[in-house]
Amino acid sequence: MTDQQHTSEEQEKKLQEAYEAFMTQLRGLETDRLNIMKRVIGDLEREEIERLLKELQG
C-alpha cells in the first residue's frame with residue numbers, strides 16, 4: 001500500500017468518525033428540543049385548563 005492510499009484511508013476513517021460524532025450530537029439536540037417542547041406544551045395546557053376552571057367558577 002502506498003503512502004497516499006494509506007493517508008486517504010486515514011482521512012476517510014477520520015471523516016467517518018467525525019460524521020458519526022456529529023450525528024450523535026445532533027440526535028442529542030433533537031431529543032433535548034423535543035423535551036423542551038413537551039414541557040412548554042404541558043405548561044400551556046395547564047394554564048389553559050386553569051383559565052377554563054376559573055371561567056367556570058366565575
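For clarity, every value in this text was computed on a predicted model and none was experimentally measured. Atoms considered below: every heavy atom in the structure, side chains included; atoms not considered: hydrogens, waters and symmetry mates.
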What residues form a salt bridge (Lys or Arg N to Asp or Glu O under 4.0 Å) with Arg46, not counting sequence neighbours? Asp43, Glu50
Show every donor-acceptor pair shorter than 3.5 Å between a side-chain atom in residues 51-58 and any protein atom, with sequence neighbours excluded, or say none if there are none.
unit_1: Arg51; atom_1: NE; unit_2: Glu48; atom_2: OE1; d: 3.2
unit_1: Arg51; atom_1: NH1; unit_2: Glu55; atom_2: OE2; d: 2.3
unit_1: Arg51; atom_1: NH2; unit_2: Glu48; atom_2: OE1; d: 3.4
unit_1: Arg51; atom_1: NH2; unit_2: Glu48; atom_2: OE2; d: 2.5

My understanding is that a hydrophobic cluster links ILVMFWY residues whose side chain heavy atoms are under 4.5 Å apart, including indirect links. Using that, what else belongs to the cluster containing [X]?
X     : result
Leu29 : none
Ile41 : none
Leu44 : Ile36, Val40

List, one per line, each side-chain donor-acceptor pair under 3.5 Å for residues 10-19, sequence neighbours excluded.
unit_1: Glu10; atom_1: OE2; unit_2: His6; atom_2: NE2; d: 2.7
unit_1: Gln16; atom_1: NE2; unit_2: Glu20; atom_2: OE2; d: 2.9

Side chain to side chain donor-acceptor pair (under 3.5 Å) partners of residues 24-34, not counting sequence neighbours, each pair once: none
Does CE in Met37 sit with more than 12 non-hydrogen atoms of other residues, nucleotides or ligands closer than 6.0 Å? no
